[in-house]
Amino acid sequence: MRENIVKTKSFEFAIRIVKLYQYLSVEKREYILSKQLLRSGTSVGAMIRESEHAESKLDFIHKLAIAQKEANETVYWLQLLKATNYLNDKEYENIIIDAVEILKLITSILKTTKAQIINK
């Protein structure tokens, strides 16, 4: 069976988000923004997992579109945490690369799947 790259990367990303949340809440005593980051950052992988058992191509697209929105929201929270100095340059650059990569993967899968539906 072939490895599902987006599934693997989104799970690993969720682990990093949980650890970042722990760091922000314990070390920086930041609870509001970090909770939002935790919710959106872990939701990406959850929606990708849901899409694996979609009932139809349209349901698959719908679930992945939600994952795309959550990934985009996660990028927003990371940018906000950086802009408000809760994350330094190194911390930010380290995780934003993964977030953007996952967002691009999801977007690519959505485009391909939509094109397959149109071309049938």
Side-chain angles (χ1 to χ4, degrees):
M1 186 191 223
R2 206 170 66 146
E3 181 188 10
N4 184 332
I5 299 293
V6 73
K7 177 181 170 182
T8 301
K9 285 186 179 286
S10 65
F11 185 76
E12 290 168 358
F13 182 71
I15 292 169
R16 292 188 68 198
I17 289 293
V18 170
K19 289 179 179 180
L20 179 56
Y21 168 76
Q22 291 168 335
Y23 164 76
L24 289 168
S25 60
V26 173
E27 299 293 324
K28 301 283 188 163
R29 298 202 179 284
E30 197 302 305
Y31 306 104
I32 307 302
L33 302 178
S34 59
K35 185 67 109 173
Q36 292 292 112
L37 175 68
L38 179 66
R39 287 183 180 139
S40 64
T42 56
S43 180
V44 175
M47 291 311 300
I48 289 168
R49 287 284 177 103
E50 280 195 41
S51 74
E52 287 183 307
H53 298 284
E55 296 175 12
S56 66
K57 283 275 192 190
L58 290 176
D59 188 37
F60 176 79
I61 289 169
H62 176 72
K63 287 178 180 4
L64 268 190
I66 293 170
Q68 181 185 44
K69 290 177 184 180
E70 295 292 340
N72 192 49
E73 181 181 338
T74 301
V75 168
Y76 171 80
W77 293 120
L78 289 169
Q79 290 171 336
L80 188 56
L81 286 162
K82 165 73 172 71
T84 55
N85 298 315
Y86 283 107
L87 295 177
N88 65 37
D89 290 341
K90 185 179 178 184
E91 293 164 334
Y92 173 77
E93 290 300 327
N94 196 1
I95 197 161
I96 196 69
I97 292 168
D98 290 346
V100 171
E101 180 184 14
I102 291 167
L103 182 57
K104 287 179 180 179
L105 282 169
I106 295 168
T107 301
S108 177
I109 293 167
L110 281 169
K111 285 181 182 177
T112 301
T113 306
K114 288 176 182 178
Q116 289 172 349
I117 289 174
I118 291 170
N119 293 328
K120 273 192 173 182

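In this chain, numbering begins with 1 at the start of the sequence shown. Source: prediction; values computed, not measured.
- A distance-only check finds no donor-acceptor pair linking the side chain of N94 to the backbone of K90 [under 3.5 Å].
- V6 places a side-chain heavy atom less than 4.5 Å from the side chain of N4.
- Here the OG-CG distance, from S51 to D59, works out to 9.0 Å after rounding to the nearest 0.5 Å.
- Hydrophobic clustering, with ILVMFWY side chains joined whenever heavy atoms are under 4.5 angstrom apart, keeps I66 apart from L105.
- Considering all non-hydrogen atoms of both residues, L103 and A71 come closest at CD1-CB, 3.9 Å.
- Between the side chains of E30 and S25, not a single donor N or O lies within less than 3.5 Å of an accepting N or O.
- One hydrophobic cluster holds both Y21 and Y76 under the rule that ILVMFWY side chains link at heavy-atom gaps under 4.5 Å.
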>> Run E91 and Y86 through side chain to side chain donor-acceptor pair (under 3.5 Å) and show every step you take.
In response: CA-CA 9 Å; E91 293 164 334; Y86 283 107; over 6 Å; no
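- Rounding to the nearest 0.5 Å places CD1 of I48 at 11.0 Å from CD of E70.
- Environment of NZ in K104: sparse, with no more than 12 heavy atoms of neighbouring residues, nucleotides or ligands closer than 6.0 Å.
- One finds no salt bridge joining D98 and K9 here, because no Lys/Arg side-chain nitrogen approaches an Asp/Glu carboxylate oxygen to under 4.0 Å.
- S34 contributes atom OG, which lies 12.0 Å from atom NZ of K28 (distance to the nearest 0.5 angstrom).
- The structure places CG of L80 at 10.0 Å from CG of L87, a figure rounded to the nearest 0.5 Å.
- Using a 4.5 Å heavy-atom threshold, the side chains of E73 and Q36 count as touching.
- Rounding to the nearest 0.5 angstrom, the gap separating the CG atom in L38 from the CH2 atom in W77 is 12.5 Å.
- One hydrophobic cluster, built from ILVMFWY side chains closer than 4.5 Å, holds both L33 and L78.
- Across G45 and S10, no two heavy atoms sit closer than the pair CA-OG, 3.5 Å.
- Atom CD1 of residue I17 and atom CG of residue L24 lie 9.5 Å apart, to the nearest 0.5 angstrom.
- For the pair T74 and I102, the minimum side-chain heavy-atom distance is 4.5 Å or more.
- Around atom NZ of K82, more than 12 heavy atoms belonging to other residues, nucleotides or ligands sit under 6.0 Å away.
- The number of heavy atoms from other shown groups lying within 6.0 Å of OH (Y31) is above 12.
- Residue E55 places its CD atom among 12 or fewer non-hydrogen atoms of other residues, nucleotides or ligands, all under 6.0 Å distant.
- For F11, the CZ atom is loosely surrounded, since the number of other residues' heavy atoms within 6.0 Å does not exceed 12.
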> side chain to side chain contact (heavy atoms under 4.5 Å, CB included) between I109 and F60: does it pass, once the steps are laid out?
Replying inline: CA-CA 10 Å; I109 293 167; F60 176 79; 4.0 Å; yes
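- When the options H62, Q68, K63, K69 are evaluated for a side chain to side chain contact (heavy atoms under 4.5 Å, CB included) with M47, the one that passes is K63.
- Under the 4.5 Å side-chain heavy-atom criterion for grouping Ile, Leu, Val, Met, Phe, Trp and Tyr, I95 is not connected to I15 through any hydrophobic cluster.
- Across all non-hydrogen atoms, the minimal contact from T113 to K57 is CG2-CD, 4.0 Å.
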